[in-house]
Amino acid sequence: MPIKEADKSYDHDKIEKKVQKFWKEEETFAKVNELREKGPRYSFLDGPPYCSGKIHLGTAWNKIIKDSYLRYKSMNGFSLRRQAGWDMHGLPIENKVEHLMGIQSKQEIEEIGIDKFVDKCREFAIENKIAMEKEFDDLGVWMDWDDPYMTLDPKYMESSWWMLKRANEQDLLLNDQRVISWCPHCGTALAAAEIEYEEKEDPSIYIKFPVTGEEDTYFLVWTTTPWTLPANLAICVNPEFDYVYVAKDGVTYIIAENLMEDVLGKRIKIHRTKIPAENEDEEDKIIEEEEVMYEIIKTVKGEDLLGLSYDYILADEIPKQMEFDSEIEKVHTILPGDHVELGEGTGLVHTAPGHGPDDFEVGHANGLPIFCPVGEDGCFTEDAGKYDGKFTKEENTQIIKDLEEKGLMYHSETIEHRYGVCWRCKTPIIYRATKQWFLKVTDIKQKMLDEIGKVEWVPKWAGEGRFYDWVDNARDWTISRQRYWGIPIPIWECPDCGELKVIGSLDELKEESLTEINVSDSELIHRPYVDEVEVKCDKCGQTIKRIPDVLDVWIDSGVAGWASLYYPEEKEKFADWFPYDFITEGHDQTRGWFYSQLGTGVIAMGQSPYQKVLMHGFVLDENGNKMSKSLGNVVAPEEVIEKYGADVLRFYLLWASKPWDDLKFVWEELLNINKMFNILWNVYVFSTTYMSLDDFNPVGLTEDDMILRSEDKWIISKANSLIKEVAEDLDKLFFHKATRKINNFILEDLSRWYVRLIRGRTWVESDDPDKLGAYYSLYTALVKLITVLCPIAPHVCEEIYENLVKGVNPEAPESIHMLDWGYDEDAIDSELEAKMDVAREVIEASIRARDMAQYKLRWPVSDITVVSEDEDVLNAIEELTDIIKDQSNTKDVLCASEFEKLSYNAKPNLKILGPKLKGDMGKVVKGLKTADGNQIKAELEENGCVTIEGIELNSEEVLFDSELPDDFVSSEFEGGNVFVNTNITLEIRQEAMARELIRRVQDMRKELDLDVEANINVDVETSAEFKDLIVPQSEVISHEVRAKSLIITDSEECNKDSKDYTKEWDIEGEKVVISIKK
RNA sequence: AGGCUAGUGGCACAGCUUGGUUAGCGCGCUCGGCUGAUAACCGGGAGGUCAUGGGUUCGAAUCCCAUCUAGCCUACCA
């Protein structure tokens, strides 16, 4: 089968639909995997996107990086595992389902029934998964969509149970009362990774805590959370700091010295009064008066304050507080705290052990109760006395009012600051002391840090800086959530003896269960069914129940390394693929998946599950802002696909920035890439147009059969170099460099240069070996190009491949992705590539020169002279003379190290000669003006001096202006100068006029929309002079315009047919009437 | 407050790892050209304190330090 002529325009929609249909029908993905099955393994793990239902450009970028890299790896012979992953549990889905069901609270969920709620969550997650799958598919992402790992899969979930069992065996599982971040809306604990920060306005109040037994003396304390004051049990000071007793307005305040002026204002106010001077000579008088605003009574160390007690400020409102006061020694006293700093506040820190991690530790160390009068709904409990039942944050105002009424408020204002909110429902978080389950990350931190060092990070700072820092600061990981849709924590706890039983698999559960189980695995491993399973305590024999919590969703994805392989229930795949050679995710995953995998990996496997990480950036809008629904600047991937197609989007995203930088999405830039694809398509159309016309068949052709010109060898060399260089870039994950090189090759080398060079050859009608050489080379370059491009733009390359390769050779692999990625080192001739660069510059310089002289390129010139002192340049010109002749439209190319036709005018160097000659200057000026510059130059070069009007001048004293002869124009290029001879001889004039005539006939052919190969009859009617000019060129003209007959006549002999297409032209002032007939 | 990253013509980006011609490319602007790849292409031009200030060096966009600005991440903002 011959090569088919391609569609004239690049229709991305048609191509991509067609190719995707082909892949599906032929099961190309599976076949490609099968083909590479025996190759070396390269293991990759897909970071599971959360099943929110829609993908955004960031997710698209993420999958495109993965897909392009993996397609590349596959073409390099690697055997791959491209399993897609889905993150399907968790609060976000619960929240959406709550919405759908029209409910708002945990209480309502339990009324409806956990089973019904969980069913809805499952259904919702699966629906979303299917929708997102389709979107990834439209991008051309090749993953194993039919066999993904899903975090709701019971087999997957078992693997997370097993990890927790391993944690328990290493004593890394801990149930403890701690102060943790709490979302009052979701009614659950949150991990650090689930907290976002937003600018929020909060109260900022300075409160007077009366010093016990000292009248009108107060500790001044600052807080932004008045609602935590009901739980206040102490005040912390830093023992190292200096504190002052200050008398102001009749009372005494105790405050850190360094913060005194910030809080109380300037201690001394200076009033200046200006008395204007009476006359101008004197200066104005300024009288300064000092006013002391407050006085320092004494300065003490923080240490000296320790043990002092204060009268609790809400004693009347909260009876419970006074119980503590009487029962426990250190309640309502000053305690030491290293965490006290001098950045803000007063240096005296309100301490509520139930509401702050630091406070908690202070409380613990000093035997304070962990008093937390706030329930899981964020409302005060009855322990809060007067405030019972009120929502914490909303009660700020009331508490402030109460304090004001007691006269205990020093100052009250509001501030804007960053405050943590729940990542999904955006409710401001509160700190609460609760009992939660933890993974003791602090115990394995060192191991985690060691593992980070073993991983290869791209870019380097992602691991060494950012991630190391995060892990180094990590606290124990709160893994329990008081929710429903998640992996139930497999801990059965004995209420009597405290013994824990951690179940590691479903089989184990079934074995241990005291009752018969008659639900499916999927039901059994979720709430509420698993809640009903009772087992026997190993220690005391008591019947025990599971703790009611589910796991933090980050554990779900964290265990993907082995859970996706169903390890440890299944061992075989695990041995083949774990640990993973490569993962890539956005920089938000530093605290997310990179962390959760490393933590659980160290616990379960004693190692990091990944060995190489590419941390990529975020897609921002064109102003550099994050895309978000609230800003309304979100661009949906399908919008881009509709306009430009998946290939353009894919190429754009890999081209637009370094992968690890954030990417500004600019529509205009897409247009650019679209243009590149159009040009690629144009080259393809150009190629197939002529190749199909000539029935060109590349099958079995080798370079040895061909007569190739230098430019042919050059483009083949360039194409091979491209593959080599792109491979180096892709290996380093430098997608931005790889795409730039491809872009450059398509535009510069292939389209703007090679196609231009061979245009003339394709116009030859016969079976010319020279034309065949051009076809062969163009064909080879194109096939190399689509090979190198197809990991990035798989659709268009598959389409071209189908016609160009499969179309002519039934033996060829059925998909381009089955080709091996390779280049021919022997075909690379870097010397030739360098020479072509020189030739190109020379040609461009000569075109520039002609352009400046307004000498049309269409008109030939008799010669150009290239002047250069560089041996390499001259060699290059000699070798590529034909190309230069052709492209510069010159009959001859001369080389020289100096341009002899330059004439020189000598002139005096006034700067030197002026001071030296003074009065004689005039003689020299005149003498040099009349003398022959060339002769002076020669003399100076020979003797080093010359005598003018009896005065001897040396070479420094004479300057030269060079002058081109009238018929020459020149232009500079990197290696020298080009001089173009523009003298018009009769022969040149004849050829020029022939070209003018040809152009016009071609124009008319086009207007008639004639086939490229159609023959015509041409009649030309003109003046006798013009006829004489073009008749000698008849043969050339006929050939160029495909004329069967060419009749050129003087005006009088006119005898044309009225049916002919006739047009009257003005060529260089001559009237020319051209008629053409098919 | 700490960590990381970035700052290069109007716009979007290369170059920085490994210091070395006149700092590149594309878009846009402007002037001109070409016309069988033609909704394409080619050439000329204007437009840059390479964020700022120091330092190292014969030489810095590139290496070092400080500052400013922006983004992200983090923190016990009491």
Side-chain angles (χ1 to χ4, degrees), chain A residues 8-9 179 192 195 197 202 204 221-225 228 232 235-236 337-341 343-346 348-352 355-362 415 417-420 431 459-462 464-470 472-475 586-588 590-591 617-618 620 622 624-626 655-658 660-666 668-669 671-673 675-676 678-679 681-687 689-690 736-737 740 743-744 747-748 751-752 755-756 759 762-763 844 847-852 854 856-858 974 999-1000 1002-1003 1005-1006 1010-1013 1040-1042:
Chain A
K8 288 289 174 216
S9 64
V179 171
I195 298 166
Y197 292 83
D202 265 316
S204 164
V221 171
W222 178 66
T223 183
T224 56
T225 52
T228 60
N232 170 280
I235 295 171
C236 281
D338 292 336
H339 60 284
V340 177
E341 283 166 10
E344 280 172 309
T346 62
L348 292 100
V349 174
H350 145 58
T351 300
H355 289 306
D358 261 344
D359 311 40
F360 177 84
E361 269 162 42
V362 168
I415 55 161
H417 62 169
R418 286 172 74 78
Y419 193 85
Y431 285 95
K460 271 204 170 62
W461 50 261
E464 289 167 9
R466 189 181 272 250
F467 190 45
Y468 190 96
D469 199 51
W470 158 265
D472 200 25
N473 289 321
R475 301 176 153 236
H587 52 50
D588 56 330
T590 304
R591 65 175 189 178
F618 263 42
L620 309 175
E622 53 192 352
N625 294 316
K626 207 168 175 169
W655 166 88
S657 69
K658 301 180 191 102
W660 48 86
D661 276 351
D662 288 346
L663 184 156
K664 280 189 210 171
F665 185 86
V666 184
E668 220 173 281
E669 301 294 324
L671 212 64
N672 248 322
I673 299 303
K675 203 165 123 183
M676 182 202 88
N678 267 319
I679 290 171
W681 192 259
N682 271 341
V683 172
Y684 169 59
V685 169
F686 171 84
S687 310
T689 303
Y690 292 103
H736 62 302
K737 290 197 178 184
R740 274 175 173 74
N743 185 55
N744 197 58
L747 298 183
E748 290 297 327
S751 168
R752 287 176 196 159
V755 169
R756 185 168 137 197
R759 237 192 246 177
T762 60
W763 196 232
E844 270 158 19
I847 291 174
R848 220 177 302 144
R850 298 166 69 125
D851 200 60
M852 281 187 286
Q854 300 203 306
K856 289 183 186 171
L857 183 58
R858 204 182 301 131
E974 224 183 278
R999 207 219 88 200
R1000 285 164 175 84
Q1002 299 288 35
D1003 214 48
R1005 285 183 63 115
K1006 233 169 104 183
L1010 293 181
D1011 279 344
V1012 172
E1013 73 273 27
E1040 286 291 317
V1041 303
R1042 298 206 177 208

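Residue numbering restarts at 1 for every chain, and letters A, B, ... go by the order of the sequence lines.
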Can you tabulate the close N/O pairs, meaning under 3.5 Å, that link protein atoms to atoms of nucleotides 2-8 of chain B?
none

Quickly work out the [X] [atom1] to [N] [atom2] distance and round it to whole Å.
{"X": "D472(A)", "N": "C73(B)", "atom1": "CG", "atom2": "C1'", "result": "15 Å"}
{"X": "R740(A)", "N": "C13(B)", "atom1": "CZ", "atom2": "C1'", "result": "6 Å"}
{"X": "F686(A)", "N": "U38(B)", "atom1": "CZ", "atom2": "C1'", "result": "13 Å"}
{"X": "H736(A)", "N": "G26(B)", "atom1": "NE2", "atom2": "P", "result": "18 Å"}
{"X": "R591(A)", "N": "A75(B)", "atom1": "CZ", "atom2": "C1'", "result": "13 Å"}
{"X": "M676(A)", "N": "A12(B)", "atom1": "CE", "atom2": "P", "result": "22 Å"}
{"X": "K737(A)", "N": "U17(B)", "atom1": "NZ", "atom2": "P", "result": "11 Å"}
{"X": "K460(A)", "N": "C16(B)", "atom1": "NZ", "atom2": "P", "result": "15 Å"}

What's the closest nucleotide to the [X] side chain, out of [options]?
{"X": "K664(A)", "options": "A40(B), A12(B), C27(B)", "value": "A12(B)"}
{"X": "K856(A)", "options": "A75(B), C27(B), C34(B)", "value": "C34(B)"}
{"X": "K675(A)", "options": "A75(B), A40(B), C41(B)", "value": "C41(B)"}
{"X": "K1006(A)", "options": "U38(B), C41(B), A12(B)", "value": "U38(B)"}

Looking only at atom [atom1], what distance separates [N] and [M], rounded to whole Å?
{"N": "A39(B)", "M": "G47(B)", "atom1": "P", "value": "34 Å"}
{"N": "A66(B)", "M": "C4(B)", "atom1": "P", "value": "11 Å"}
{"N": "G10(B)", "M": "U52(B)", "atom1": "P", "value": "14 Å"}
{"N": "G24(B)", "M": "G48(B)", "atom1": "C1'", "value": "12 Å"}
{"N": "U5(B)", "M": "G20(B)", "atom1": "P", "value": "22 Å"}

Would you indicate what [X] reaches in the nucleic acid, counting non-hydrogen atoms under 4.0 angstrom: base, sugar-phosphate, or nothing?
{"X": "S9(A)", "result": "nothing"}
{"X": "W222(A)", "result": "base"}
{"X": "R858(A)", "result": "sugar-phosphate"}
{"X": "V755(A)", "result": "base"}
{"X": "Q1002(A)", "result": "base"}
{"X": "Y684(A)", "result": "nothing"}
{"X": "V683(A)", "result": "base"}
{"X": "K8(A)", "result": "nothing"}
{"X": "V221(A)", "result": "nothing"}

**Request:** Counting Watson-Crick and G-U wobble pairs whose two distances are both under 3.5 Å, find the runs of 3 or more in a row that involve RNA chain B.
**Result:**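 Expected stems, ordered by start: B:1-7 with B:68-74, B:29-33 with B:41-45, B:51-55 with B:63-67.
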**Request:** Name all residues meeting the side chain to side chain donor-acceptor pair (under 3.5 Å) criterion together with T351(A); count only those two or more places apart in sequence or in a different chain, and write none if there are none.
**Result:**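 So T351(A) forms no side chain to side chain donor-acceptor pair (under 3.5 Å) with any residue.
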**Message:** Evaluate H355(A) against T225(A) for side-chain hydrogen bond (donor to acceptor under 3.5 Å, both in side chains), listing each step before the verdict.
**Reply:** CA-CA 10 Å; H355(A) 289 306; T225(A) 52; over 6 Å; no
**Request:** Specify whether H587(A) and F618(A) have parallel, tilted or perpendicular ring planes, treating 30° as the upper limit for parallel and 60° as the lower limit for perpendicular.
**Result:**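 Parallel: the ring planes of H587(A) and F618(A) meet at under 30°.
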**Centroid separation Y684(A) to W681(A) less than 6.0 Å** =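 Ring centroids of Y684(A) and W681(A) are less than 6.0 Å from each other.
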